[in-house]
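Notes follow once the structure below has been shown.
In this text, all values refer to a predicted model and were calculated from it rather than measured experimentally.
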Amino acid sequence: MGAGAGSGRGQLFLHTLLFLLLAGPPARGQLRYTVPEELEHGAFVANLGEDLGLDVSTLSARRFRIVSRAGARQHLEVNLENGILFVNERIDREEVCEAGGTCLLHLQLLVESPLELYRVEVEVLDINDHAPTFPWQEYVLEVAESAVLGARFPLESAQDPDVGTNSVHTYRLSPNGFFSLEVQTRSDASKFAELVLERALDREQQRVHRVLLTALDGGIPERSGTAHILVTVLDANDNVPAFDQPSYGVSLPEDAPAGTLVIQLNATDLDEGPNGEIEYSFSGHAPPRVRELFHVEPRSGQVLLKGRLDYERASIHELYVQAKDRGPSAVAVHCRVLVHLLDVNDNAPEVTLTSVSTPVLEDAPPGTVIAVISVLDRDSGDNGRVSCEISPNVPFELRSSFRNYYTLVTTQALDREVVPEYNVSITARDMGSPALLTRSTLTIPVSDVNDNAPRFLQPSYSVYVMENNAPGASICSVSALDPDCQQNAYLSYSIADGHIHGMPVGTYVSINSDSGHMYALRSLDYEQIRSFQIQVQAQDAGFPPLSANVTVHIFVLDQNDNAPVIVSPMPRNGSVATELVPRSARPGYLVGTVSAVDADAGLNSRLSYQLLQATDFTLFSVAPDTGELRTLRSFLEQDASRQQLVVQVRDGGQPALSATVSLLLSVVETMPQTLSDFSEFSLPPEVSSSSPLSLYLLVSLGSISFTFLLAILILTAIRCRGERRSRQGDSCSPPRCHCCPGSRPSSDGLKTSNLTAQPPAGTTAATCLDVPGGGPPGYCYKVCLGPESAQSDFMFLKPCSPPRNNVKDPGKKSRPEQHLQVSKEAKQPNTDWLPPSTQRAALKSSQSLEDVGEIHRALQKEHERLCTLVTPVSG
């Protein structure tokens, strides 16, 4: 007894030493620990955080966890606060590992960011938590009285679920005078007891013998189980059955159907009659699992398959079959049948997605881990070897990290706009024959990154807008596309800063930031602005935002909204424009030219002229294109001397607009050398436009002309006053100086002039002008000034000569000291007058600015001509 206890303590020391060695510093990535069974919840197993070199504070954030199959019991768990592996629920080694041998728990530890996988093996150590048990508490052993000394009687073996030293170690028999006990060891190291007859039996002396059989295990503390053996002494049946061999071995495929013959047992008995008839059956200690799978025919000795075999659950089954004759005092003999199962490729690989990191960004670099995939095949050998592959033509590949563990990584850059989602088919195939495979589809959505700028549907836009549009009206719409999605594809439109004719572009047009519709903020005028361009920007809402620009050309279309404007002739002071036509004019004589301009363009500015009203339509015609007014025939005596004409100027717009001008033509015998009111001085359309250059030219020309005329008047007045002082006499005598405001001027006199004399305030209507300088002494010029002279031009009137036939004082001569007296208050000259008809050309709407210089030179010649008019004229 002491020796057994000492042996047990030695085994405990060796076991503890083995535990410490196995629990030492593990290799990185592959750890192994040991833990006794039956520990309580929370019992310490190992410090994984320290052994794996992980930062304990980041375990929770990195989702450190144990990966297990669905439905599997979680015996162990990890504390994320300190990284300690502890017992989550009680571990019963006999329940976890049905078969004997080493009992291992395989754990897969997963930690993310970055993704890492560790394998841990935890060996469950057996403890002596089960005592040996016998199938029955009392055995009845029938022994013939004729049994010889040394006869052996096998006894039912005790069963102990524990393994190793904790299983059945030995048997003991209570002291008696007839039997001894011998412990035998089978080939699988299991123990069984045999009762040895040490003394001859005598049924007449003692029919029953009672002994106590005790089974002891080798655990510490030592556990035991007992059974009572009742030995009944029978009358002689001196032969027992015998098997052909004590042990049988047979191989059987795991997919064998029920009813398959496993083995045919055969035992013989030399006795005759009932003592020689043999019955077969399982031994009393056959486990329930064996009785579920197999069946023994009592009479034939056939062992038949009853249930479904599973190599992956148990690869070998041990059957104990006994044979017993039907005679009295029958003794049962036992044999062992070992059934070895042959693995069949009946399990397809299992594919488990341990961790999936989806969706994946489209700018993820090659080598990014998408998922961790584990494959498992419950078969063995080649049937359990698995290869894994994915569908071709996808930017992913499988990389093997551990046995039956793969990582799915990217091999190239992704583009969500080309492929927004990948369906990756994962195929796991074993090496069996025929091979079995399992396919699993992993959907990998690609997350969008703002890597595409907006793109307009057109490289540029041309928009045509009719002038006089309503403010706020839509003029066009621009549209852009962004291949990205969600907020990266949300576009907003805006107009780039700029100026149009000095004004911000925002005062002309606006744009709806969401739809891209553009609106005119003001009514456009073709005559002010004909075209302009703006830059429209489309910007997405990504980060950072991307944008694109497009040029929008806006062309203003002309509308016939401007009527023609007559520029020549221009009526003065509200009167009708007049012109003199010689009666001797031949057909085709150019009377004058009607000129007009139209601010519109194109057909809207194409002008045509026509004679709308006329005193005689057969006498005059107007050229429809040039506006030239010409005679159609010669004048007749009966033709009126005053011809009233109305000329209409009409543009080519729809509807057409027009303007009219009234002309009064006076038919005269001779044409005076004077200016005409018909051919008014007008600037060409280019000059009469709103161009600042033309305005500056006109102002300069007017200023120069006014200065020149004023200088002439001042010099003339100074000269006249000087001569008057140097002579005797200061005025014309009344008889020889007559005022002629009401006198009819003769046809050879000067009728009109562009110079007027304005009398001083308070003077009479007539002033005698004495012209000195060698003129005949009997002449003087009289100027008739009326109240309306302040609004008229200077007029050099016809010289008033005294009537020679009615001279009251013929001997009295005019004094040579007479000189021209001019009013000190001279009106500013009017620059509206035109050059004489002898020098002017027909001013048309196409006249250029170069004509202004010629006009200025003509004005100077006209001033010189007018100055000659102040000299005396002899009668």
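- For residues 407-417, the pairs satisfying salt bridge (charged side-chain N to carboxylate O under 4.0 Å, His left out) are Arg416-Asp448, with sequence neighbours left out.
- The pair Arg308-Glu292 fails the salt-bridge criterion, with no side-chain N (NZ, NE, NH1 or NH2) lying under 4.0 Å from an Asp/Glu carboxylate O.
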Query - Worked verdict on Leu107 versus Glu121 for side chain to side chain contact (heavy atoms under 4.5 Å, CB included) - result: CA-CA 6 Å; Leu107 304 180; Glu121 291 182 352; over 6 Å; no

Requested in this report: Take Ile91 and Leu39 through the side chain to side chain contact (heavy atoms under 4.5 Å, CB included) test and state the conclusion after the steps.
Outcome: CA-CA 7 Å; Ile91 304 175; Leu39 291 179; over 6 Å; no

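- Pairs passing the side-chain hydrogen bond (donor to acceptor under 3.5 Å, both in side chains) check and including a residue from residues 359-371, sequence neighbours excluded, do not occur.
- By the side-chain hydrogen bond (donor to acceptor under 3.5 Å, both in side chains) test, Glu254 is found to be paired with no residue, residues two or more places apart in sequence or in another chain being considered.
- The ring-ring contact (aromatic ring centres under 6.0 Å, His included) with Phe555 is formed by just one residue from the set Tyr461, Tyr464, Tyr526; it is Tyr464.
- Note on Glu112 versus Arg63: salt bridge recorded, some NZ/NE/NH1/NH2 to OD/OE distance being below 4.0 Å.
- Taking the side chain to side chain contact (heavy atoms under 4.5 Å, CB included) definition, one finds that Pro287 meets it with Val290, sequence neighbours left out.
- Sorted by first and then second residue, the salt bridge (charged side-chain N to carboxylate O under 4.0 Å, His left out) pairs with a member in residues 429-443 read Glu389-Arg429; sequence neighbours excluded.
- Aromatic rings of His317 and Phe294 (six-membered ring for Trp) have centroids within the 6.0 Å cut-off, being under it.
- Evaluation of the ring-ring contact (aromatic ring centres under 6.0 Å, His included) rule for Tyr422 yields Phe396 as partners, not counting sequence neighbours.
- Residue Asp482 comes nearest to Asn488 through the heavy atom pair OD2-O, 3.1 Å, listed as atom of the first residue, atom of the second, then distance.
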Which atom pairs, one a donor and one an acceptor, fall under 3.5 Å between side chains of residues 75-86 and the rest of the protein, sequence neighbours left out?
from, atom 1, to, atom 2, distance (Å)
His75, ND1, Glu89, OE2, 3.4
Asn79, OD1, Glu81, N, 3.0
Asn82, OD1, Ile84, N, 3.1

Report task. Check the pair Glu527 / Asp561 against side chain to side chain contact (heavy atoms under 4.5 Å, CB included), numbers first and verdict last. Result -> CA-CA 10 Å; Glu527 288 72 37; Asp561 57 344; 3.8 Å; yes

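- Applying the disulfide (SG to SG under 2.5 Å) criterion to Cys388, with sequence neighbours excluded, gives no partner residue.
- Looking at Tyr118 and Gln108, their side chains never bring a donor and an acceptor atom within 3.5 Å of each other.
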Query raised in the report: Taking it one step at a time, do Leu408 and Glu397 satisfy side chain to side chain contact (heavy atoms under 4.5 Å, CB included)?
Result: CA-CA 6 Å; Leu408 182 66; Glu397 69 176 1; over 6 Å; no

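- Shown here are the side chain to side chain contact (heavy atoms under 4.5 Å, CB included) partners of Ile500, two or more places apart in sequence or in another chain: Val505, Tyr508, Ile529, Phe532, Ile534.
- Take Ser113 and apply the side chain to side chain contact (heavy atoms under 4.5 Å, CB included) test, not counting sequence neighbours, and it matches no residue.
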Can you give me every donor-acceptor pair (side chain of residues 542-551, partner residue at least two apart or in another chain, under 3.5 Å) with its distance?
from, atom 1, to, atom 2, distance (Å)
Thr551, OG1, Gln535, NE2, 2.6

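- The minimum heavy-atom distance between Ala428 and Val386, with the atom names listed, is CB-CG1, 3.9 Å.
- Taking each heavy atom of Pro365 and Thr410 in turn, the nearest pair found is O-OG1, 3.1 Å.
- Tyr519 and His517 have tilted rings, their planes meeting at an angle from 30° to 60° on a 0 to 90° scale.
- The side chain to side chain contact (heavy atoms under 4.5 Å, CB included) test applied to Leu353 returns Val356, Ile373, Ile426, Leu442, not counting sequence neighbours.
- In terms of heavy-atom proximity, Asp343 sits nearest to Ser380 at OD2-N, 2.8 Å.
- Judged by distance alone, the side chains of Asp126 and Asn166 do bring a donor and an acceptor atom under 3.5 Å apart.
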